[in-house]
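Sequential numbering from 1 along the given sequence is applied to the chain's residues.
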Amino acid sequence: MGGTGRWRVGVSGVAGDWPRLVSDLVPRCSFPPPGSPIDCAVSGGPDSLALLVLAAAAGCVVTAVHVDHGLRPGSDAEAALVARAAAHVGARFVAETASVGAGPNLEARARAARFALLPPGAATGHTMDDQAETILLNLLRGSGADGLAGMEPGLRHPLLGLRRHETHAVCAALGLDPVRDPSNDDPAFLRNRVRHELLPLCADVAGRDPVPLLARQAGVLRDEVTLLNELAREAAPDPENARAVAALPVALARRAVRQWLQVAGGSCEGGQAYPPSSAEVGRVMAVAAGHAVATQLSGGRRVSRSGGRLSVEPHASDSVTPVIRDEAGDAVPSWAEPQVGPVLVDQAALAARVAELGAQITADYADDPPLLVAVLKGAMLFMSDLCRAIALPVDVDFMAVSSYGSATRTSGVVRIVKDLDSELEGRHVLVVEDIIDSGLTLNYLRHYLHARSPKSVEVCALLVKEGEQRVELDLKYVGFQIPASFVVGYGLDVAERYRNLPGVHLYVGSGDEEQR
């Protein structure tokens with residue numbers, strides 16, 4: 001970081017000694033009045049450094065908070081860079097260190113650790129370009145009007161009126177050398193593909209810059225979302241009253257349920273609860289209408305109806321949580337060595353979770369038992385145990401599909417090896433899957449089954465690989481989330497071996513297997 005010597009901190013408002021670019025940009029930001037305290041999350045990237053500079057130029061009393069996850073070599077130097085930038089603009093500097101343990105979905109856990117250390121309401125450096133990316137991501141996820149409304153402008157997002165090139169220009173004007181995060185160019189992350197591929201394509205098709213257009217559209221939708229939320233609160237002051245919710249027009253019922261789930265059982269980040277998915281809202285509305293007595297939501301939560309009242313319950317055993325590799329045991333039968341590694345989910349944990357899933361399915365389908373469809377061969381043991389844990393007269397059938405062959409990675413090409421013998425029209429269908437990784441096979445299978453006019457198609461998956469899904473999936477029942485590693489046992493195989501292991505193990509292999 002170099003200093004130009006041409007600028008200094010003003011004592012109130014926008015100082016005349018700031019570069020003209022900075023003075024011109026401050027009025028387009030949503031900072032509080034001069035003299036107001038503000039906490040700024042500053043990673044050292046160009047957007048967050050610009051946030052720090054512009055907040056100081058707006059006359060705010062600024063505290064720059066840097067959170068070091070220790071995940072990249074030299075991250076302590078990033079903290080030093082932020083400290084120097086804070087000193088130059090007269091801001092207070094606070095350094096925090098986050099502890100991010102081993103396990104799946106590192107990016108999500110690091111983000112959660114960061115928000116846990118930031119002060120409530122801390123400002124972030126999201127720009128209009130970030131807003132456009134968020135809107136498109138939410139569109140691809142089917143997030144509805146709430147997602148398309150994007151981030152709320154205001155004190156938490158004061159730079160939403162600026163473009164990314166302008167925050168970079170602020171850093172250049174002040175001689176700041178921001179941190180360059182190589183992950184921002186990694187196409188493995190969906191946001192990066194939206195940034196580098198989808199937005200340029202939209203610009204080419206529309207013949208105009210889509211970013212301001214998306215931002216303006218978000219503003220219109222935010223106003224409409226606010227109105228609908230207020231109408232829903234007036235129409236359903238007690239959203240736990242199942243009959244009252246079921247009697248509402250569907251748009252207001254969705255609103256009432258969505259707001260209730262965020263307050264009653266939503267997970268949070270930075271003080272804001274995650275909105276439930278549209279599929280989850282629909283299932284809760286079915287419970288309110290009496291079509292089901294309960295349904296499971298993400299994170300192991302469960303909504304049930306009793307005495308005409310809805311309630312959200314966290315899962316008692318908290319089973320639907322990541323299985324962390326470092327917590328795995330070491331018991332490996334001698335006949336499976338050396339190809340089979342430590343156990344991730346042992347026999348006792350499997351039996352306990354299958355019993356819980358069976359009880360949930362029994363309650364949910366009490367009035368209309370489903371047809372259980374097992375996907376062979378991996379789900380054979382799971383299906384056997386699960387159907388015995390369901391206290392209903394269920395029918396069973398089997399399909400065989402292939403996307404692996406003898407490989408340890410899915411090919412993405414789905415082939416039906418054995419079709420169903422049962423008729424599906426007008427019946428509830430519950431697909432029993434052993435493991436979900438990319439989700440491509442399951443996505444194909446669901447479309448295939450829906451074409452046969454069933455009453456519903458839901459999925460009960462024993463294992464879900466964290467962070468591996470290439471398509472958005474709605475899984476009604478989930479046993480365990482596991483690291484993105486190849487596993488064997490409890491019906492899962494490699495080249496038809498190791499299905500008879502009583503637990504789920506990491507597969508080490510000989511290194512000679514085909515990877516595809």
Side-chain angles (χ1 to χ4, degrees), residues 1 7-15 18 22 25-71 75-100 108-128 130-131 134 150-162 164 166-167 170-171 174 176 178-179 181 267-274:
M1 182 181 77
W7 53 278
R8 60 182 175 81
V9 180
V11 294
S12 65
V14 179
W18 289 98
V22 173
L25 292 180
V26 167
R28 291 167 49 197
C29 303
S30 55
F31 291 112
S36 301
I38 184 172
D39 297 307
C40 295
V42 186
S43 65
D47 296 339
S48 65
L49 285 178
L51 169 69
L52 170 63
V53 170
L54 292 164
C60 296
V61 180
V62 184
T63 298
V65 184
H66 177 80
V67 179
D68 182 7
H69 301 97
L71 298 175
S75 59
D76 53 344
E78 297 172 8
L81 181 151
V82 175
R84 291 196 300 270
H88 273 293
V89 300
R92 179 170 173 260
F93 173 71
V94 174
E96 299 281 4
T97 302
S99 176
V100 184
R109 289 183 296 107
R111 183 171 59 249
R114 178 169 66 253
F115 275 102
L117 291 172
L118 289 172
T124 64
H126 292 102
T127 65
M128 188 185 298
D130 294 301
Q131 179 79 297
T134 298
M151 293 175 277
E152 181 75 31
L155 301 182
R156 293 195 68 247
H157 303 295
L159 305 191
L160 289 182
L162 304 185
R164 188 174 289 133
E166 292 174 313
T167 61
V170 167
C171 294
L174 272 65
L176 302 176
V179 173
D181 186 350
S267 57
C268 295
E269 179 178 288
Q272 291 186 326
Y274 289 127

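Note that CG of L160 and CE of M128 are 8.0 Å apart. Values are rounded to the nearest 0.5 Å. Note that CE of M151 is 10.5 Å distant from CG of L159, once rounded to the nearest 0.5 Å.
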Could you walk me through whether W18 and V170 pass the side chain to side chain contact (heavy atoms under 4.5 Å, CB included) test, one step at a time?
CA-CA 10 Å; W18 289 98; V170 167; over 6 Å; no
- Query: Hey, mind stepping through T63 and F93 against side chain to side chain contact (heavy atoms under 4.5 Å, CB included) and telling me if it holds?
  - Reply: CA-CA 6 Å; T63 298; F93 173 71; over 6 Å; no
Verdict with supporting geometry, L162 and C29, side chain to side chain contact (heavy atoms under 4.5 Å, CB included):
CA-CA 7 Å; L162 304 185; C29 303; 3.7 Å; yes
### Query
Can you list the steps and then say if R164 with D130 is a side chain to side chain contact (heavy atoms under 4.5 Å, CB included)?
CA-CA 8 Å; R164 188 174 289 133; D130 294 301; 3.0 Å; yes
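The shortest distance between side-chain heavy atoms of C40 and V65 does not fall below 4.5 Å.
Partners of S30 by side-chain contact (heavy atoms from CB on, under 4.5 Å), not counting sequence neighbours, listed by chain and number: P158. Judged as a side-chain contact (heavy atoms from CB on, under 4.5 Å), and not counting sequence neighbours, the contacts of L117 are V67, E96, A98. Every residue was checked against the salt bridge (Lys or Arg N to Asp or Glu O under 4.0 Å) condition with D39, not counting sequence neighbours, and none meets it. Remark: T124 engages H126, H157 in a side chain to side chain donor-acceptor pair (under 3.5 Å) (not counting sequence neighbours).
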Can you give the donor-acceptor pairs under 3.5 Å from side chains of residues 45-60 to other protein atoms, not counting sequence neighbours?
| from | atom 1 | to | atom 2 | distance (Å) |
| --- | --- | --- | --- | --- |
| D47 | OD1 | T167 | OG1 | 2.6 |
| S48 | OG | S43 | N | 3.1 |
| S48 | OG | S43 | OG | 3.3 |
| S48 | OG | G44 | N | 3.2 |
| S48 | OG | G45 | N | 3.4 |
| S48 | OG | G45 | O | 3.2 |

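Listed here is the closest heavy atom pair of V82 and A64: CG1-CB, 4.4 Å.
Counting only residues at least two apart or on different chains, the salt bridge (Lys or Arg N to Asp or Glu O under 4.0 Å) pairs with a member in residues 27-38 are R28-E166.
Side chain of H66 to main chain of A95: no donor-acceptor pair is present (N/O by atom type, distance under 3.5 Å, no hydrogens or angles).
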